[in-house]
Amino acid sequence: MTAVPHAYVEDLHRHVGQVVTVKGWLYNKRSSGKLHFLQLRDGTGVVQCVCFKGNFGEELFKQLDTLPQESALTITGSVKAEPRAPGGHEIDAQTAAIVSVAQADYPITPKEHGTGFLMEHRHLWLRSRKQHAILRIRARVQKAIRDFFDDRGFICMDAPIFTPSACEGTTTLFPVEYFDETAFLTQSGQLYAEANAMAFGKTYCFGPTFRAEKSKTRRHLTEFWMVEPEVAYLELDGLLELIEQFLSYVVQCVVKDRRAELVVLERDVAKLEKIVPPFPRLSYSDAVDLLKGAGHAFEWGGDFGAPDETLISEKFDKPVLVHRYPAAVKAFYMKRDPQDPRVALCVDCLAPEGYGEIIGGSQRADDLAFLEEQIAHHKLPMEAFKWYLDLRRYGSVPHSGFGLGLERTTAWICGTHHVRECIAFPRMLEKITP
RNA sequence: UCCCUGGUAGCUCAAUGGUAGAGCACCCGGCUGUUAACCGGGUUGUUGUAGGUUCGAGCCCUACCCGGGGAGCCA
């Protein structure tokens, strides 16, 4: 007797007519007396296995009838094309082996639950269809990000997680004990990325980022993933082009390779297919006029609030690049516009449909004296930036970079309401378990 | 930190100040093509906590605890 091959559900189309074993967990079941329909989940998909009583012993058939949700089992049978089944295939089961019987009180039933309850059971919620689709898309976004930069000669150089002080000073940091001193979890790898760019030309870092802000909204996590490319000799116009090429590439990878998941999420794929260059570009001043025209009370000089960003992004069906904000509302390391010193050579990318800022970037200040003045003006400890200023002492060049939030981007692509579903185990204000 | 909103069965939610309920889950039985299967029967409660008002409080009042959403800030 030859061994029956193990097949993953996503590969069943290659095994039509063959006998295979699928290995997984019981997702749901329906029963008609002498016939069971077992929905088996194996991590790559869900397949319906049809079990006729005649093919099974009395005892096993009875056992399958009472098997609780999420019990682990393997099922052996022949693969049939079945157009009505999700995934297009079903298994005509010949035999089954129960690997472990789950407790009968699996908390996540096929009925509706609130997100608070589901988040408390996040470790189990991950098994559900929509969460599965979201996290598969996240993984594809992550790969697309790496591919985009790797294919263009960027060197991946990850920045440290432990940092000695604030990069920007304004945001709250998580302190951690670091032997005899206090260190902080990174809130941005950018300053290190600048050093890397001066060494390697085109670089990026991609890792977790920590913000101790007491933000409690559907756009915020205290721990999120950010990719931060940094390029020597790149100026603002080039940065805008890089952003639109990059973001289009990422979105189109998902459209191409994760269409089934987008359908599960009931995402309007047509909206994503439109995400190709060029993106609309709007100066801050134009954006202010747009807000005023729409009846928002807004004065030149302030930063946009979330409702302002939503209004701006809703005017377009692509991500919009808003550039040249007032320097006063932006970080100290941004270069001023020689044409108008009131504004910085920076850009925010606002995702469509009200998903908010997914990218923030700028051309960096490359003049030593200007940076020293800015650090003093922002009351930042000059000593902590000594190494950073060395980058301007030894061969300073124009350079630019940006940061993109992985979970916000994933949330926009998936059309999920909240970023917390776009990471396996979200860390939020006063939420650290599971 | 501030504003809004909520807390009733394992889950999702009902319940004019007057006997605490339904659907699902779970248990028992039925059904050879089910699609959140269906049909019949059954189990399930310190109504977030502590006080107060009242003949009587899930409901009204006060404080606190916890959740959700938003503002500021940011990706």
Side-chain angles (χ1 to χ4, degrees), chain A residues 27-39 46 48-56 61 65-66 68-70 80 82 84-87 90 92 102-121 124-125 128-129 167-173 186-190 206-228 302-310 329-331 348-351 355-361 402-412 417-420 422-423 428-431:
Chain A
Y27 192 62
N28 197 5
K29 70 172 190 290
R30 300 175 197 91
S31 185
S32 296
K34 297 185 177 57
L35 184 59
H36 299 320
F37 300 95
L38 306 182
Q39 313 280 327
V46 177
Q48 173 161 283
C49 303
V50 185
C51 307
F52 287 96
K53 192 173 186 177
N55 295 343
F56 290 79
F61 192 78
D65 190 33
T66 57
Q69 190 183 354
E70 288 299 322
K80 293 196 320 192
E82 174 53 72
R84 288 172 302 177
E90 81 180 13
D92 188 4
Q103 270 185 217
D105 57 354
Y106 186 70
I108 301 176
T109 67
K111 289 285 179 179
E112 58 184 320
H113 302 282
T115 43
F117 174 81
L118 290 168
M119 263 308 163
E120 281 172 30
H121 299 86
L124 302 176
W125 189 21
S128 304
R129 247 171 107 237
C167 291
E168 302 180 28
T170 52
T171 15
T172 323
L173 300 169
T186 180
Q187 62 165 346
S188 167
Q190 186 208 308
F206 193 5
T209 298
F210 307 88
R211 303 274 166 94
E213 292 151 4
K214 305 234 170 181
S215 300
K216 207 174 152 183
T217 82
R218 62 196 176 91
R219 295 185 306 281
H220 286 89
L221 298 169
T222 55
E223 176 182 326
F224 64 96
W225 283 63
M226 183 156 70
V227 60
E228 299 181 274
D303 203 355
F304 300 132
D308 302 317
E309 289 184 350
T310 299
V329 302
K330 289 293 178 181
D348 279 3
C349 178
L350 308 180
Y355 279 90
E357 185 186 340
I358 53 172
I359 284 177
F402 66 85
L404 169 125
L406 176 60
E407 291 78 15
R408 280 192 188 176
T409 303
T410 304
W412 160 53
H417 181 68
H418 202 304
V419 289
R420 67 186 159 196
C422 295
I423 185 167
M428 294 175 288
L429 184 61
E430 286 165 25
K431 169 80 80 187

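Numbered from 1 within each chain, the chains take letters A, B, ... in sequence-line order.
- To the nearest angstrom, P of rG68(B) lies 16 Å from CZ of Arg219(A).
- Distance from the side chain of Ala104(A) is smallest to rC27(B) among rG70(B), rU32(B), rC27(B).
- Atom pair Ile108(A):CD1 and rG10(B):C1' shows a separation of 12 Å (rounding to whole Å applied).
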inquiry  = Only Watson-Crick and G-U wobble pairs with both distances less than 3.5 Å should count. Give RNA chain B in dot-bracket notation, marking inter-strand partners with |.
reply    = (((((((..((((....[..)))).(((((.......))))).....(((((..]....))))))))))))....
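- Distance Asp105(A) CG to rC27(B) P: 10 Å, rounded to the nearest Å.
- The listed nucleotides are rA75(B), rG33(B), rA25(B); the one nearest the side chain of Thr109(A) is rA25(B).
- For the P atoms, the distance from rC38(B) to rC65(B) is 44 Å, rounded to whole Å.
- Residue contacts for Gly116(A): at a heavy-atom cut-off of 4.0 Å it reaches no nucleic acid atom on any strand shown.
- Contact annotation for Lys53(A): no contact, since no heavy-atom pair falls under 4.0 Å across all strands.
- As rounded to whole Å, 17 Å separates atom P of rC74(B) from atom CG of Leu221(A).
- One can place CG of Leu124(A) at 14 Å from C1' of rG10(B), the figure rounded to the nearest angstrom.
- Listed candidates were rG68(B), rA75(B), rU32(B). Nearest to the side chain of Phe224(A) is rA75(B).
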ask   = After noting the C-alpha distance and the side-chain angles of Gln69(A) and Thr109(A), does the key distance pass the side chain to side chain donor-acceptor pair (under 3.5 Å) rule?
value = CA-CA 8 Å; Gln69(A) 190 183 354; Thr109(A) 67; over 6 Å; no
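- The phosphate of rG69(B) (OP1 or OP2) has a side-chain N or O of His418(A) nearer than 4.0 angstrom.
- For the P atoms, the distance from rC11(B) to rC55(B) is 36 Å, rounded to whole Å.
- When all heavy atoms of Ser188(A) and Thr209(A) are compared, the closest pair comes out as N-CG2, 4.1 Å.
- rG7(B) and rG45(B): their C1' atoms are spaced 15 Å apart (whole Å).
- Within the nucleic acid shown, His36(A) has no heavy atom closer than 4.0 Å to any nucleic acid atom.
- Taking the P atoms as reference points, rG18(B) lies 25 Å from rU44(B), given to the whole Å.
- When each of rG69(B), rC31(B), rA75(B) is scored by its nearest atom to the side-chain atoms of Ser31(A), the top-ranked nucleotide is rC31(B).
- Residues forming a side-chain contact (heavy atoms from CB on, under 4.5 Å) with Lys330(A) (at least two apart in sequence, or on another chain): Tyr325(A), Met334(A), Cys346(A), Asp348(A).
- Using a 4.5 Å cut-off on side-chain heavy atoms (C-beta onward), Leu221(A) and Glu407(A) make contact.
- Going from atom CZ of Arg408(A) over to atom P of rC73(B) covers 13 Å, rounded to whole Å.
- Listed for the Arg211(A) side chain is a donor-acceptor partner under 3.5 Å among the backbone atoms of Gln187(A).
- The interatomic distance linking Leu118(A) (CG) with rG10(B) (P) rounds to 17 Å, in whole Å.
- Within 4.0 Å of Gly356(A), counting heavy atoms only, lies no atom of the nucleic acid at all.
- Distances shorter than 4.0 Å separate none of the side-chain N or O atoms of Arg218(A) from OP1 or OP2 on rA71(B).
- Minimum interatomic distance between Val329(A) and Gly302(A) (heavy atoms only, all atoms of both residues): CG1-C, 4.1 Å.
- Of all nucleotides listed (rC74(B), rG33(B), rA71(B)), rC74(B) comes nearest to the side chain of His220(A).
- A distance of about 8 Å separates the C1' atoms of rA15(B) and rA20(B), rounded to the whole Å.
- Of all heavy-atom pairs between Thr222(A) and Glu213(A), the closest is CG2-O, 4.5 Å.
- Each of Thr222(A) and Thr66(A) has a nearest nucleotide on RNA chain B; the 5'-most of these lies closest to Thr66(A).
- Across rA75(B), rC31(B), rG70(B), the shortest atom-to-atom separation from the side chain of Lys34(A) is found for rC31(B).
- When all heavy atoms of His36(A) and Ser31(A) are compared, the pair lying nearest together is ND1-OG, 2.8 Å.
- Nucleotides rG6(B) and rG42(B) place their C1' atoms 33 Å apart, quoted to the nearest Å.
- Among the protein residues, Leu404(A) comes within range of no part of the nucleic acid, since none of its heavy atoms lies under 4.0 Å from any strand.
- Atoms CG (Asp65(A)) and P (rC27(B)) sit 10 Å apart, rounded to a whole Å.
- Checking Phe117(A) against Lys80(A), the closest nucleotide of RNA chain B that is more toward the 5' end is the one next to Phe117(A).
- Separating the C1' atom of rU43(B) from that of rG21(B) is a span of 16 Å, rounded to the nearest Å.
- Evaluation of the side-chain contact (heavy atoms from CB on, under 4.5 Å) rule for Asp308(A) yields Leu291(A), His296(A), Phe298(A), Phe304(A) as partners, not counting sequence neighbours.
- Nearest approach of Phe37(A) to Ser32(A), heavy atoms of both residues: CE1-OG, 4.2 Å.
- Residue-level contact check: Phe37(A) touches the bases, meaning some heavy atom is under 4.0 Å from a base atom.
- Across every non-hydrogen atom of Phe206(A) and Trp225(A), the tightest pair is O-CZ3, 4.1 Å.
- Using a 4.0 Å heavy-atom criterion, one finds that Gly54(A) contacts no nucleic acid atom at all.
- Across rG68(B), rC11(B), rG33(B), the shortest atom-to-atom separation from the side chain of Phe52(A) is found for rG33(B).
- Of the candidates rG69(B), rA36(B), rG33(B), the closest approach to any side-chain atom of Arg30(A) belongs to rA36(B).
- Straight-line distance between the P atoms of rC59(B) and rG48(B): roughly 8 Å, to the nearest whole Å.
- In this structure, of rG69(B), rC74(B), rU32(B), it is rC74(B) that holds the atom nearest to the side chain of Glu213(A).
- Nucleic acid contact for Pro68(A): none, since no nucleic acid atom lies under 4.0 Å from a heavy atom of the residue.
- Within the nucleic acid shown, Glu120(A) has no heavy atom closer than 4.0 Å to any nucleic acid atom.
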